[in-house]
Amino acid sequence: MFFGTFTPKLDDKGRLTLPAKFREELADGLMVVKGQDRSLAVYPREEFLVRAKKAAAASRTNPRARAFVRNLAASADEQTPDAQGRITVSSTHREYAGLSKECVVIGSVDFLEIWDAEAWDDYSAAHEADFSEGDDEAFAEFL
């Protein structure tokens, strides 16, 4: 499981060092895909395959489902971290997420998210009330 907030830097070659505490879980391979809110999602390879199969089971007659599956599959980039725990973030992914040198990697329970540091700060500030006022039944045990 993935928890915490980390601030690695993107190097000039587009490489990002994954947080050390997650490297073992991602050592056998991972998938980088477009995430929500202009972030990138990083899944352990096997977790991604389970989710992709579920997504592919959606009705292809539904235009939103088709668009989701197409974007998910088209944006998928399979990677294996190097000996230093780095992955290469493609130029397409860097552009999509607006990544600069300063990045934030957050644990999102069963996957990681990669954000541009400024975008993460903006998102966090804009959604603090959503967190503070969260009263959904799914969160009842935490409130």
Side-chain angles (χ1 to χ4, degrees), residues 1-58 60 63-143:
M1 299 196 87
F2 302 104
F3 300 103
T5 302
F6 307 87
T7 55
K9 296 192 184 323
L10 194 64
D11 73 13
D12 293 337
K13 295 180 181 178
R15 296 176 302 193
L16 186 81
T17 302
L18 296 170
K21 70 185 281 184
F22 302 142
R23 290 181 196 165
E24 185 176 334
E25 192 163 353
L26 299 170
D28 292 333
L30 57 90
M31 301 296 281
V32 180
V33 296
K34 289 180 179 178
Q36 294 177 309
D37 303 308
R38 292 286 179 172
S39 66
L40 299 176
V42 178
Y43 292 93
R45 186 178 184 282
E46 293 306 315
E47 174 70 19
F48 177 80
L49 294 176
V50 168
R51 288 175 176 243
K53 286 179 184 176
K54 285 182 183 177
R60 296 293 175 115
R64 293 178 74 182
R66 275 196 318 270
F68 181 85
V69 171
R70 285 176 178 155
N71 273 285
L72 179 71
S75 74
D77 182 20
E78 187 171 4
Q79 301 242 349
T80 302
D82 69 11
Q84 288 80 39
R86 297 176 301 193
I87 60 170
T88 300
V89 181
S90 72
S91 60
T92 303
H93 281 150
R94 291 192 311 265
E95 184 177 324
Y96 171 79
L99 298 182
S100 62
K101 186 175 187 115
E102 304 297 323
C103 295
V104 175
V105 173
I106 63 166
S108 223
V109 184
D110 54 353
F111 68 101
L112 298 175
E113 294 181 27
I114 301 172
W115 289 77
D116 176 72
E118 186 176 335
W120 173 248
D121 289 344
D122 292 345
Y123 178 87
S124 295
H127 292 279
E128 174 58 29
D130 295 335
F131 173 72
S132 296
E133 296 170 8
D135 61 0
D136 189 287
E137 290 178 18
F139 305 118
E141 292 181 31
F142 297 102
L143 302 175

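- Scanning for side chain to side chain donor-acceptor pair (under 3.5 Å) contacts around R60 gives an empty result, with sequence neighbours left out.
- Within the structure, every pair that satisfies the salt bridge (charged side-chain N to carboxylate O under 4.0 Å, His left out) test and touches residues 42-56, not counting sequence neighbours, is listed here: R45-E78, E47-R51, R51-D110.
- Listed by chain and residue number, D82 satisfy the salt bridge (Lys or Arg N to Asp or Glu O under 4.0 Å) test with R86 (two or more places apart in sequence, or in another chain).
- Not counting sequence neighbours, the partners of F6 by the ring-ring contact (aromatic ring centres under 6.0 Å, His included) test are F22.
- Residues in residues 70-112 take part in these ring pair (Phe, Tyr, Trp, His ring centres under 6.0 Å) pairs, two or more places apart or across chains: Y43-F111.
- Under the salt bridge (Lys or Arg N to Asp or Glu O under 4.0 Å) criterion, R38 pairs with no residue, sequence neighbours left out.
- Residues satisfying the salt bridge (Lys or Arg N to Asp or Glu O under 4.0 Å) criterion with E102, sequence neighbours excluded, are K9.
- With sequence neighbours excluded, the residues satisfying side chain to side chain donor-acceptor pair (under 3.5 Å) with S124 are W120.
- Scanning for side chain to side chain donor-acceptor pair (under 3.5 Å) contacts around E113 gives S108, W115, with sequence neighbours left out.
- Annotation: side chain to side chain donor-acceptor pair (under 3.5 Å) contacts of S100 (sequence neighbours excluded): D116.
- Shown here are the salt bridge (Lys or Arg N to Asp or Glu O under 4.0 Å) partners of D37, two or more places apart in sequence or in another chain: there are none.
- The side-chain hydrogen bond (donor to acceptor under 3.5 Å, both in side chains) pairs that include a residue from residues 17-29 number zero, where partners must be two or more places apart or lie in different chains.
- Remark: L30 CG to L18 CG distance equals 6.5 Å, nearest 0.5 Å.
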